[in-house]
Novice: 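To start, I am sharing the structure in question, which I have written as structure tokens.
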Amino acid sequence: MAYDIIVIGTGPGGYVCAVKAAQLGLKVAVVEKRTTYGGTCLNVGCIPSKALLHASEMYHAAHHLDGLGIEIGEARLNLDKMMAHKDATVKSNVDGVAYLFKKNKIDAFQGTGRVVSAGKVSVTADDGATQELEAKAIVIATGSDVAGIPGVAVEIDEEVIVSSTGGIALKQVPGHMVVVGGGVIGLELGSVWARLGAQVTVVEYLDSILGGMDGEVSKQFQRLLAKQGLTFNLGAKVTGVARSETGANVTFEPVKGGEAQTIAADVVLVATGRKPYTAGLGLEEAGVALDNRGRIEIDKHFQTNVPGIFAIGDVVKGPMLAHKAEDEGVALAEILSGQHGHVNYDVIPGVVYTQPEVASVGKTEEELKAQGIAYKAGKFPFSANGRARAMLATDGFVKILADAETDRILGGHIIGFGAGEMIHEIATVMEFGGSSEDLGRTCHAHPTMSEAVKEAALATFFKPIHM
């Protein structure tokens, strides 16, 4: 059977690309190895983790309502019901993707896709049966997989030594969880289990958490997580993770040199990042080039070195974010239909869905300094925001960075309640090349948390009103 486009993988990049292409009048097929659509994000990543983050936040909030004058009996955890909520959320989302395929007349093939050559894809079903599909364009959108710990052999059993997949499906709250990696995934899931009662220790190779995020945000975020009970071992290189009779042991040593130490855990969460998933796709045989990090090399139109074969999402360069993959999927569908699709990689927000949330878009101060770009910064704390005070959500601040000469906004960073929603205001202004004065002079409803964004913008080009 012949198609205009065959998309291998139905994660956010793949399914969005398929739907957009179908909307533009192209004949589309998708190939998915799972029995459900949505990829890692919808099945075992973004969506289920957010269900658990919200549920655990509500559980924690139930223990701290007295400050609002609400007195209730002792809240009790029913982990089975919480996991059932997570599973129901996943089902609703993956069923939604199936509905979109049906609505847009997209043919779906269940099985492992393999590129035979430009224009041909082989699909192997679970029972071993194979069929060959033809298309003018093949889109590889197979996402990413757990990276493991570089240089350390670790056997992930998803029960005691777990990846994020096992980390969202524990059968009981561990007494002590060791998180290897102080990035987004580790801190999100670590905070879930900490709120539910676990002692959580984070072991991170770098001297700060959250990697490339704004340094000031990282420092305050670590302090807030420490108040929530998380313990941090920074600048620590993990040299071993192994099962023990009672759980597992994690051995690490200072990156700068020193004695190694071993700590025991009931559960070890390995959250050291992800790597492109390209195994079994037949890329080498098809002649598709990869870079030194295993990513598929593409040009500015998402095409590989083999004409007719394209790639998007986690398998190519750029941040491994679902929304980045979605935007690439839309842009590629537009290109393949004769339009001019484009992704602005300078305006891709990133969010850590903890409590408080952390959100960022554009450049950090560290990046601007390294690039020699003259800038000005404005900051406003939520402790001076009326709505935040009313909600007992005064932790954190908004920081805006703008070009020193033109006032064009170059970056925005927020730590606080609802940061993941507020960051889009800054992103929208950046997308249209706006200035901090543009944002600061835009009327904001009162009282709202977003007024802190306005005040930070005022602080950037002149002075804030409420501080």
Side-chain angles (χ1 to χ4, degrees), residues 40 44-45 48-49 52-53 56 77 79-80 82-83 86 144-211 218 221-275 352 354:
T40 295
V44 293
S49 66
L52 290 179
L53 279 159
S56 64
L77 172 65
L79 188 58
D80 289 341
M82 190 176 286
M83 291 296 174
K86 175 206 68 174
S144 58
D145 199 2
V146 176
I149 304 174
V152 180
V154 180
E155 185 177 340
I156 295 177
D157 56 30
E158 301 298 12
E159 292 181 356
V160 173
I161 302 174
V162 302
S163 68
S164 56
T165 300
I168 61 168
L170 299 181
K171 293 179 172 58
Q172 62 184 24
V173 179
H176 183 203
M177 169 181 275
V178 173
V179 179
V180 181
V184 176
I185 295 173
L187 296 179
E188 285 186 352
L189 292 184
S191 69
V192 165
W193 294 107
R195 280 193 290 268
L196 297 181
Q199 175 191 350
V200 175
T201 301
V202 178
V203 182
E204 165 58 43
Y205 184 87
L206 300 176
D207 290 327
S208 63
I209 60 174
L210 292 183
S218 173
F221 186 47
Q222 183 182 335
R223 287 195 293 268
L224 292 174
L225 290 179
K227 284 184 178 180
Q228 296 175 20
L230 278 73
T231 301
F232 294 90
N233 287 284
L234 304 181
K237 176 183 178 181
V238 172
T239 57
V241 178
R243 287 285 299 261
S244 67
E245 291 183 3
T246 57
N249 292 321
V250 178
T251 302
F252 58 92
E253 60 189 34
V255 172
K256 297 177 182 179
E259 291 186 9
Q261 60 177 301
T262 299
I263 54 177
D266 298 291
V267 171
V268 177
L269 169 62
V270 178
T272 49
R274 300 182 66 83
K275 60 184 179 181
V352 187
T354 48

Novice: Testing the basics here: between V178 and A265, what is the closest heavy-atom pair and its distance to 0.1 Å?
Specialist: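 Minimum heavy-atom separation between V178 and A265: CG2-CB, 3.5 Å.
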
Novice: More than 12 heavy atoms of other residues, nucleotides or ligands under 6.0 Å from NZ of K237: is that the case?
Specialist: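 Count not over threshold, so no.
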
Novice: Counting distance only, does the side-chain N/O of E253 pair as donor-acceptor with the main-chain N or O of A260 below 3.5 Å?
Specialist: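 No, the answer is negative, given that no donor and acceptor are paired below the 3.5 Å cut-off.
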
Novice: Between M83 and L170, which heavy-atom pair has the shortest distance, and what is it?
Specialist: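 That would be CE-O, 3.5 Å.
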
Novice: Please round to the nearest 0.5 Å and tell me the distance separating atom OG1 of T354 and atom CG of L210.
Specialist: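 So the gap between those two atoms works out to 8.0 Å.
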
Novice: When you measure from the side chain of S244 to the backbone N and O of G247, does any donor-acceptor pair fall under 3.5 Å?
Specialist: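 Flag set: sc S244 to bb G247 pair under 3.5 Å.
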
Novice: For V250, which of V154, V270, T262, V268 qualifies under side-chain contact (heavy atoms from CB on, under 4.5 Å)?
Specialist: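 In the set V154, V270, T262, V268, the residue that makes a side-chain contact (heavy atoms from CB on, under 4.5 Å) with V250 is V268.
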
Novice: Go through it in stages, so that I can follow the logic: the residues are L269 and W193, the test is side-chain contact (heavy atoms from CB on, under 4.5 Å), and I'd like the CA-CA distance, side-chain angles, deciding distance and then a yes or no.
Specialist: CA-CA 11 Å; L269 169 62; W193 294 107; over 6 Å; no

Novice: Got a sec, which residues hit salt bridge (charged side-chain N to carboxylate O under 4.0 Å, His left out) with E204, two or more places apart in sequence or on another chain?
Specialist: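 Expected list: none.
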
Novice: Taking D266 for the side chain and H176 for the main chain, is one N or O donor matched with an acceptor at less than 3.5 Å?
Specialist: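 Answer holds: yes.
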
Novice: Might you confirm whether atom CD of Q172 has over 12 heavy atoms from other residues, nucleotides or ligands at distances under 6.0 Å?
Specialist: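 At most 12 heavy atoms, drawn from other residues, nucleotides or ligands, come within 6.0 Å of this atom.
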
Novice: Provide the full list of salt bridge (charged side-chain N to carboxylate O under 4.0 Å, His left out) pairs with a residue in residues 166-184, sequence neighbours left out, each pair given once.
Specialist: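 Output for this query is empty, none listed.
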
Novice: Identify the heavy atoms of A147 and T272 that sit nearest to each other, and give their distance.
Specialist: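 Here A147 and T272 meet closest at CB-O, 4.5 Å.
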
Novice: Does the side chain of K256 reach to within under 4.5 Å of the side chain of D207, using non-hydrogen atoms?
Specialist: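 Yes; the side chains approach each other to less than 4.5 Å.
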
Novice: Calculate, to the nearest 0.5 Å, the distance between atoms CG and CZ belonging to D145 and R274 respectively.
Specialist: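 Answer for the CG-CZ pair, D145 versus R274, is 6.0 Å.
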
Novice: Which pair of non-hydrogen atoms, one from V173 and one from G197, has the smallest distance, and what is that distance?
Specialist: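 Heavy atoms only, the tightest pair is CG1-C, 4.1 Å.
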
Novice: Could you grab the distance from atom CD1 of I156 to atom CD1 of I149, nearest 0.5 Å is fine?
Specialist: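 Going from CD1 on I156 over to CD1 on I149, the span is 7.5 Å.
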
Novice: Return the CG to CE distance between D80 and M82, rounded to the nearest 0.5 Å.
Specialist: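 Here the interatomic distance stands at 11.0 Å.
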
Novice: Atom CG in L230, atom CG in L187: separation rounded to 0.5 Å?
Specialist: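 The CG atom of L187 is 7.5 Å from CG of L230, to the nearest 0.5 Å.
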
Novice: Which atom names give the shortest non-hydrogen contact between A271 and I185, and what distance separates them?
Specialist: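 Smallest heavy-atom distance, with atoms named: CB-CG2, 4.2 Å.
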
Novice: After noting the C-alpha distance and the side-chain angles of L189 and V179, does the key distance pass the side-chain contact (heavy atoms from CB on, under 4.5 Å) rule?
Specialist: CA-CA 9 Å; L189 292 184; V179 179; over 6 Å; no

Novice: Nearest 0.5 Å, please: how far is OG in S191 from CD in Q228?
Specialist: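 It is 7.0 Å, given to the nearest 0.5 Å.
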
Novice: If you count every heavy atom of other residues, nucleotides or ligands that lies below 6.0 Å from E159 atom CD, does the total exceed 12?
Specialist: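 Open.
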
Novice: Between V267 and P174, which heavy-atom pair has the shortest distance, and what is it?
Specialist: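 Looking at all heavy atoms of both residues, the shortest contact is CG2-CB, 3.8 Å.
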
Novice: Show your reasoning for whether side-chain contact (heavy atoms from CB on, under 4.5 Å) applies to E155 and I161.
Specialist: CA-CA 7 Å; E155 185 177 340; I161 302 174; 5.7 Å; no

Novice: Run the side-chain contact (heavy atoms from CB on, under 4.5 Å) test on R195 and L77 for me, step by step, so that the C-alpha distance in whole Å, both residues' side-chain angles and the decisive distance to 0.1 Å come before the verdict.
Specialist: CA-CA 11 Å; R195 280 193 290 268; L77 172 65; over 6 Å; no

